[in-house]
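Would you mind keeping the following structure in view while I ask a few things?
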Amino acid sequence: MRWSTLFIPTLRDAPADAEAASHRLLVRGGFIRQLQSGHYSMLPLGWRVHRKVAEVIRQEMDAIGAQELLLPALHPASVWQASGRWESMGDEMFRLVDRKGADLALGMTHEEVIALLGLELSSYRDLPQMWYQIQTKFRDEPRPKSGLLRVREFAMKDSYSIDLDDAGLDRSFDLHHHAYVRIFARLGLDAVPVEASSGAMGGSASIEFMVESPAGEDDVARCGGCGYAANVERASAATESVENRPAGDAPEPFPTPGIRTIAALTEAGHPPEHQIKTLVYEADGDLVLLLLRGDHPFLEQKFVDATGVADLRPADADRIRDALGASPGSLGAVGVDGFTIYADPALRGRSGMTTGANEDDVHLHGVDVERDVAVDHWLDLRGVLDGEPCAACGEPLQVVRCIEAGHIFKLGRRYAEALGVSVLDAEGNARTPTMGSYGIGVGRAMATVAEVLHDDAGLCWPVGIAPYEVVLTVVKVDHEASMEVAGRWHDELAAAGVDVLLDDRDARPGVKFADAELIGIPLRVTIGPRGLDLGSVEFTRRADGDTTEVTVDDLVASVLDAVFDGRQLSR
RNA sequence: CGGGAUGUGGCGCAGUCAGGCAGCGCACCUGCUUUGGGAGCAGGGGGUCGGCGGUUCAAAUCCGCCCAUCCCGACCA
């Protein structure tokens, strides 16, 4: 293609409200434009990358035997009501009413629709099945952000497996795991599989593929010693043992005027590891008490995952006061009953502890947790902190910010059951199959690559997904010999299947170099009178700036070599 | 949903405090010169100043309401 005829609106300055590197560069490079918050137009350059990323995903899905199909984006309420998710998805689902008054939803995901198709399956001989699509998903995100990283409308590759039994599900899950490893490697991403919470999807196990980046929204705890890696929503660490402070036979109240925080109580001589942090939450409307060691943060997702509570929020101060007789900052669980009390295992065996007395400006010391508190459930509630020892090997854990690039779930029989899917097994018994679901956001994957592979000058796409593989930069377009040779090479390379871009714009060389670097074309041939007089041109690699002089006769072969090498790396 | 901020030409911004002809840089168009890392000179086009209402002789500017966008948090496959 000739650059002069293309729509590549590059900008010298990024929009002021773009923060993330990928957001700034994709807008500046003319890949995307925002229509409204969370909705982006893919311009020609962006769409080329998007299609190439999708193609990588397609190839790897096909390679594990998955079959591509396409499901509707607009769903009747009934299928979501059947699974119970019409209610549970809440405000995140876009809903509308058609002219007949029927309730509809824009699909956030397609488990229900897939399960409906599963009704066509009647025999164990039909299993296993793996189906996938690349389809637009709609989610009314509370806060779209960071360009393509979190949006409300996006293309997602979602696949679904249907198996007769758990062993089959394990097999389908592992196939996807391997496919995902290959996909991310081909995209040039270092994606780490980590144990994850299954959240609203439910199911028995899930693994997220995480790419380290400050633009991410998840924290992952990783162990350099044994390779343990888990989302902090699930991660655990060894508890560093604390020696109990000496204490008497019963808790003793003492005055703590004005003290409302862990930090303030620490200054008063009670280190956080000797405090019990008491949190009061409403769990589906009921008040519950959550106890943690003073220096341990509460991780809500752990509680939600363990209890199945749908709606968890901090109780408001009035309700707490009515229930316990004190305000947050002076709360404790000693002698409290009538509320379910959950305690983190780090409090087991602890004594000599300090906690609120449920009377403003009074705390208790000398508390023995198991003696003085009627704990109903011991439950891992705490968030892992950077540097804590790994539970498996004792090495310090690192907590790193990551982008969730992919997520695979073992769903179990929930959806098949809800939609009434069943097949006959070899003995003629009706069996409910078990399902898995597996997702990769195409635009997010693209933005993640941009986030990780760029420098001050712009993007650095891997050859496999670059919008063009090579750009022929003609330094002086009114130099006939330059244009002649560039045109010939363009045609030869295009005929050889290379995505080649000929920069024939009548612009200054500096502008052309800067644009080529900004949009991240991995290979550049610089064609100018200076070199041509000597029978050579410059050949530059975007990634490292490495430049070599190549003779005119060898140029096409050199480019083909480099392109095929580059494609090889991404496969 | 809570907190913070911002809306002036395609992009970046000044002007708002203290009301008085809507400006600057980049980009764009024309001409001349220039031509291997974001050229120079000259001329030119383009803006409901987010929207609605109010105050005023006069509103980008003051007041009220609304909308949009971004950031932090909550939330979130």
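Please read all numbers here as calculations on a predicted model, not as lab measurements. Chain naming here is simple, since letters A, B, ... match the order of the sequence lines and numbering starts at 1 in each.
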**Message:** Does the structure show a Watson-Crick or G-U wobble partner for B:G45, both distances under 3.5 Å? Name it, or say none.
**Reply:** none

**Request:** Select base, sugar-phosphate, or nothing to describe what A:Ser482 touches, counting heavy atoms under 4.0 Å on all strands.
**Result:** nothing

**Message:** Can you list everything that forms a side chain to side chain contact (heavy atoms under 4.5 Å, CB included) with A:Leu43? Sequence neighbours excluded, please.
**Reply:**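 Counting only residues at least two positions away or on another chain, A:Leu43 forms a side chain to side chain contact (heavy atoms under 4.5 Å, CB included) with A:Phe7, A:Pro9, A:Arg33, A:Ser41.
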
**Prompt:** So is A:Arg542 actually on top of A:Trp461's ring, under 6.0 Å and inside 45° of the axis?
**Reply:** no

**Asked** Paired with B:C24 by Watson-Crick or G-U wobble geometry, both distances under 3.5 Å: which nucleotide is it?
**Response**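 Pairing partner, where one exists within any strand: B:G12.
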
**Request:** Just say parallel, tilted or perpendicular for the rings of A:His50 and A:Trp47, cut-offs at 30° and 60°.
**Result:**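 Ring orientation, 0 to 90° scale: parallel.
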
**Asked** Using the P atom in both, what is the distance from B:G43 to B:C24, to the nearest Å?
**Response** 13 Å

**Request:** Kindly write out the residues that satisfy ring-ring contact (aromatic ring centres under 6.0 Å, His included) with A:His177, not counting sequence neighbours, or none if the list is empty.
**Result:** A:Phe209

**Message:** So A:Arg143, base contact, sugar-phosphate only, or nothing? Heavy-atom distance under 4.0 Å.
**Reply:**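 Base contact - A:Arg143 has a heavy atom under 4.0 Å of at least one base atom.
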
**Paired nucleotide for B:A5 [Watson-Crick or G-U wobble; both distances under 3.5 Å]** =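 Pairing partner: B:U69.
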
**Request:** Would you kindly give the CZ-to-P distance between A:Arg24 and B:C71, to the nearest whole Å?
**Result:**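 Answer to the nearest Å: 12 Å.
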
**Fill in**
Across every strand shown, the nucleotide meeting Watson-Crick or G-U wobble geometry with B:C62 (both distances under 3.5 Å) is B:G54

**Request:** Classify every nucleotide of nucleotides 30-52 of chain B by which part a protein heavy atom approaches to under 4.0 Å, writing B for the base, S for the sugar-phosphate alone and - for neither, in 5'-to-3' order.
**Result:** ----B-BBBB-------------

**Prompt:** Which base sits across from B:A18 as a Watson-Crick or G-U pair, both distances under 3.5 Å?
**Reply:**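 For B:A18, the partner nucleotide comes out as none, under the 3.5 Å rule.
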
**Asked** For B:C70, does either OP1 or OP2 sit under 4.0 Å from a side-chain N or O belonging to A:Gln34?
**Response** yes

**Complete:** Partner of B:C76 under the Watson-Crick or G-U wobble criteria, both distances under 3.5 Å, comes out as none

**A:Arg12: salt bridge (Lys or Arg N to Asp or Glu O under 4.0 Å) partners, not counting sequence neighbours** =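 None.
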
**Spacing of the C1' atoms in B:A60 and B:C52 (rounded, Å)** = 16 Å

Write out a two-atom table: protein N or O, nucleotide N or O from nucleotides 12-14 of chain B, distance below 3.5 Å.
from	atom 1	to	atom 2	distance (Å)
B:G12	OP1	A:Ala16	N	2.6

**Asked** Expressed in whole Å, how much space separates the C1' atoms belonging to B:A59 and B:G15?
**Response** 14 Å

**Message:** Give me the distance, rounded to whole Å, that separates B:A58 from B:G54 when you measure between the P atoms they each carry.
**Reply:** 12 Å

**Request:** Could I get the full list of ring-ring contact (aromatic ring centres under 6.0 Å, His included) partners for A:Phe173, not counting sequence neighbours?
**Result:**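 For A:Phe173, no residue satisfies ring-ring contact (aromatic ring centres under 6.0 Å, His included) once neighbours in sequence are set aside.
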
**Prompt:** B:U61 and B:G50: how far apart are their C1' atoms, nearest whole angstrom?
**Reply:**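 Per the computed distance, 15 Å lies between those C1' atoms.
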
**Request:** Determine the interatomic distance between P on B:C29 and the same-named atom on B:G10; round to the nearest Å.
**Result:**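 Each nucleotide's P atom is 16 Å from the other's.
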
**Prompt:** Taking a pair as Watson-Crick or G-U wobble with both distances under 3.5 Å, which nucleotide is matched to B:C32?
**Reply:**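 Looking at the geometry, B:C32 pairs with B:G40.
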
**Prompt:** Salt bridge check: are A:Asp158 and A:Lys137 linked by an N-O gap of less than 4.0 Å?
**Reply:** yes

**Which residue lies more 5' along RNA chain B, comparing A:Gln36 with A:Glu217 via nearest heavy atoms** =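 Its nearest nucleotide lies further toward 5', so the answer is A:Gln36.
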
**Item:** Nearest-angstrom distance, C1' atom, B:G31 to B:G25
**Value:**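 About 23 Å, rounded to a whole number of Å.
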
**Asked** Between B:C72 and A:Lys145, is there an OP1 or OP2 to side-chain N/O distance shorter than 4.0 Å?
**Response** yes

**Counterpart residues, side chain to side chain donor-acceptor pair (under 3.5 Å), relative to A:Arg401 (two or more places apart)** =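 Partners of A:Arg401 under the side chain to side chain donor-acceptor pair (under 3.5 Å) test: A:Asp219.
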
**Prompt:** Can you list the residues that meet the salt bridge (Lys or Arg N to Asp or Glu O under 4.0 Å) rule with A:Asp554, with sequence neighbours excluded?
**Reply:**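 Partners of A:Asp554 by the salt bridge (Lys or Arg N to Asp or Glu O under 4.0 Å) criterion come out as none, since no residue qualifies.
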
**Request:** Quote, to the nearest angstrom, the P distance that separates B:C71 from B:G12.
**Result:** 14 Å

**Check ion pair A:Glu19-A:Lys145 (N to O, under 4.0 angstrom)** = no

**Request:** Could I get the full list of side chain to side chain contact (heavy atoms under 4.5 Å, CB included) partners for A:Thr10, not counting sequence neighbours?
**Result:**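 A:Thr10 satisfies side chain to side chain contact (heavy atoms under 4.5 Å, CB included) with A:Ile8, A:Asp515, A:Leu518, A:Ile519 only.
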
